[in-house]
Amino acid sequence: MSGSALYETFARAPLAFERGEGSWLITSDGERFLDFAAGIAVNSLGHSHPHLVAALGEQAGKLWHVSNLYEIPGQSRLGERLAQNTFADKVFFTNSGAEALECAIKTARRYHYVAGRPERNRIITIEGAFHGRTLATIAAGGQKKYLEGFGPDVQGFDQVPFGDIEALKNAITPATAAILVEPVQGEGGIRLVANDMLKAMRDLCDRHGILLILDEVQCGVGRTGRLFAHEWAGIEPDIMAIAKGIGGGFPLGACLATDEAATGMTAGVHGTTFGGNPLAMAVGNAVLDVVLGDGFLDEVNRKSLLLRQGLAELVDAFPAVFEEFRGTGLMLGLKCRQANAAVTLAFRDENLLTVPGGDNVVRLLPPLTVSDEEIRVALGHMRDAAEKLSKVAVDA
Ligand SMILES: Cc1ncc(COP(=O)(O)O)c(C=O)c1O
């Protein structure tokens with residue numbers, strides 16, 4: 001037996017935090033880290049946000065869990081608020097992103113099934129995608145490293161290269177049920193799907209009578225400076241999976257759909273024990289109180305500009321370390337010339353937390369509540385780390 005009773009599935013940093021305050025994480029011996037990882041885009045309002053703490057505390061004193069055998073008023077309220085603020089008419093609550101995707105996939109397949117087209121059950125996905133770690137979502141993501149060793153792949157996914165509209169057109173067959181895409185690939189390395197591409201996807205779906213499913217698990221809930229990333233392209237999906245930011249740190253996901261797309265999701269065809277429980281709903285509603293508040297998203301956009309200006313200077317100043325920066329809102333990435341794991345480590349040595357992503361990118365995903373001063377501090381840490389990395393590169 002190895003040293004720990006835990007599965008060895010995570011390569012964890014040797015750090016344990018005792019508490020969090022806004023954009024900061026603090027170890028038990030008082031060392032402070034500036035958190036530009038935000039639990040991988042989860043702590044949308046930072047740590048210990050007073051409104052979230054109050055909402056969860058108040059609910060915890062009243063009722064934790066009843067199951068979906070009964071009405072859950074907080075669930076109806078959060079569902080209505082999500083519907084009011086999006087394309088959606090219907091919402092199903094889950095505990096995670098992968099479960100929200102499972103629901104999205106099932107919704108799309110059932111839509112065609114109840115319309116008398118059961119053969120339409122295949123979903124086109126995009127290379128570099130990440131949709132979760134369940135058997136269906138690793139098949140949807142199509143990444144070998146996540147599929148290997150887990151037996152037969154779940155069937156029904158056809159993958160096309162990123163940004164290739166011709167390949168997408170050619171992949172559509174009479175068996176196609178839907179196209180599934182992240183408007184901004186997170187794990188894939190902060191890769192933005194161009195607005196024109198999203199519009200072309202919408203158009204293709206309309207022309208072929210197939211559904212557009214968006215995975216906004218990472219890029220949704222204000223992360224890109226709009227409530228949902230697809231709003232920048234002026235299009236609407238038929239189905240959308242969300243999670244991460246909507247719970248602000250409480251496990252919460254949701255699948256949103258139009259009335260039409262949800263026609264197959266009738267009584268008994270899908271379910272969950274924990275999904276939409278009163279605790280999660282109290283927090284989800286509290287997150288929306290803040291994110292939908294006056295000027296909140298304007299601030300995200302203003303702070304994005306500040307951070308992007310700083311990143312442009314950083315990339316110019318350290319060409320041996322960084323190739324470019326990319327992204328939108330507060331979902332940004334530094335494409336590195338050195339190994340992104342080494343850059344992430346160098347940032348951590350300066351007490352700045354970030355997340356590596358695909359395509360040799362370091363992801364910068366601060367809380368949406370990050371202050372101007374914290375952005376300046378983070379940029380200073382990145383500069384200090386880059387100076388050291390450049391020196392190592394020259395000495396080597
Ligand atoms: C775009 C996207 N979809 C789905 C998931 C899966 O979410 P979860 O880990 O909550 O199952 C993630 C998680 O990183 C994600 O980034």
Side-chain angles (χ1 to χ4, degrees), residues 6 16-28 30 32-33 35 37-86 88 90-100 103 217 220-223 227 241-256 270-297 299-300 365-371:
L6 304 178
F17 299 106
E18 191 180 67
R19 64 201 162 83
E21 288 169 7
S23 304
W24 298 86
L25 279 171
I26 301 138
T27 63
S28 51
R32 293 169 71 85
F33 287 78
D35 188 7
I40 322 184
V42 166
N43 302 97
S44 44
L45 305 185
H47 302 279
S48 311
H49 190 288
H51 188 57
L52 302 197
V53 172
L56 184 60
E58 195 187 316
Q59 187 61 48
K62 289 198 288 197
L63 187 65
W64 291 23
H65 179 82
V66 292
S67 86
N68 287 299
L69 292 171
Y70 311 103
E71 299 285 339
I72 300 175
Q75 200 180 109
S76 308
R77 178 158 181 259
L78 185 55
E80 271 156 31
R81 293 174 83 191
L82 285 170
Q84 269 161 19
N85 287 282
T86 66
K90 289 272 185 278
V91 183
F92 183 93
F93 288 105
T94 68
N95 312 288
S96 67
E99 286 168 276
C103 181
V217 166
V221 195
R223 178 74 29 208
L227 187 56
I242 68 170
K244 291 190 184 266
I246 187 66
F250 199 93
L252 168 58
C255 177
L256 284 65
H270 192 50
T272 169
T273 298
F274 292 122
N277 95 356
L279 294 175
M281 296 301 100
V283 181
N285 273 305
V287 168
L288 275 196
D289 291 342
V290 177
V291 174
L292 294 177
D294 270 355
F296 184 88
L297 294 173
E299 272 295 281
V300 172
L365 305 162
L368 306 181
T369 49
V370 67
S371 70

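Being a predicted model, the structure only gives us computed values, none of them experimental.
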Practice task
Mind telling me whether His270 and Phe92 have parallel, tilted or perpendicular rings, with 30° and 60° as the class edges?
Solution key: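 Ring orientation of Phe92 relative to His270: tilted.
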Output the distance between atom [atom1] ([X]) and atom [atom2] ([Y]), rounded to the nearest 0.5 Å.
X	Y	atom1	atom2	answer
Leu25	Asn43	CG	CG	7.5 Å
Thr94	Phe274	OG1	CZ	13.0 Å
Leu368	Glu299	CG	CD	11.5 Å
Asn95	Leu252	CG	CG	8.0 Å

For residues 277-297, which side-chain donor-acceptor pairs fall under 3.5 Å, sequence neighbours excluded?
unit_1, atom_1, unit_2, atom_2, d
Asn277, OD1, Leu279, N, 3.0
Asn277, OD1, Ala280, N, 3.1
Asn277, ND2, Trp64, O, 3.4
Asn285, OD1, Arg81, NH1, 3.0
Asn285, ND2, Gly74, O, 3.1
Asn285, ND2, Met281, O, 3.1
Asp289, OD1, Arg81, NH1, 3.2
Asp289, OD1, Arg81, NH2, 2.8
Asp289, OD2, His51, NE2, 2.7

If you compare all heavy atoms of [X] against all heavy atoms of [Y], which two are closest, and at what distance to 0.1 Å?
X	Y	answer
Ala41	Lys244	O-CB, 3.5 Å
Thr272	Asn68	O-ND2, 3.3 Å
Ser44	Gly248	OG-CA, 3.8 Å
His65	Thr273	CE1-O, 3.1 Å
Ala100	Cys255	O-CB, 3.8 Å

Practice task
Mark yes when over 12 heavy atoms from residues, nucleotides or ligands other than Leu56 sit less than 6.0 Å from its CG; otherwise mark no.
Solution key: yes
Handout entry: For Val91, side-chain contact (heavy atoms from CB on, under 4.5 Å) partners two or more places apart
Key = Leu82, Phe93, Ala254, Leu256
Exercise for the section: Quick one: list whatever passes side-chain contact (heavy atoms from CB on, under 4.5 Å) with Pro366, sequence neighbours left out. Expected result: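 Scan of Pro366 (side-chain contact (heavy atoms from CB on, under 4.5 Å), adjacent residues dropped) gives Phe36, Arg223, Leu307, Leu330, Val370.
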Exercise for the section: Can you sort out the partners of Arg32 under salt bridge (Lys or Arg N to Asp or Glu O under 4.0 Å), two or more places apart, ordered by chain and number? Expected result: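 By the salt bridge (Lys or Arg N to Asp or Glu O under 4.0 Å) rule, Arg32 matches Glu21.
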Exercise for the section: Applying salt bridge (Lys or Arg N to Asp or Glu O under 4.0 Å), name anything that partners Glu58, two or more places apart in sequence or on another chain. Expected result: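 Partners of Glu58 under the salt bridge (Lys or Arg N to Asp or Glu O under 4.0 Å) test: Lys62.
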Handout entry: Residue list, side-chain hydrogen bond (donor to acceptor under 3.5 Å, both in side chains) with Asp35, at least two apart or on another chain
Key =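 Expected list: His47.
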Practice task
May I ask you to decide if Gly276's main-chain N or O and Gln75's side chain share a donor-acceptor pair within less than 3.5 Å?
Solution key: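 Yes, the answer is positive, given that a donor and an acceptor are paired below the 3.5 Å cut-off.
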Handout entry: Donor-acceptor pair, side chain of Ser48 and main chain of Gly20, under 3.5 angstrom
Key =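 Here the side-chain-to-backbone pair exists.
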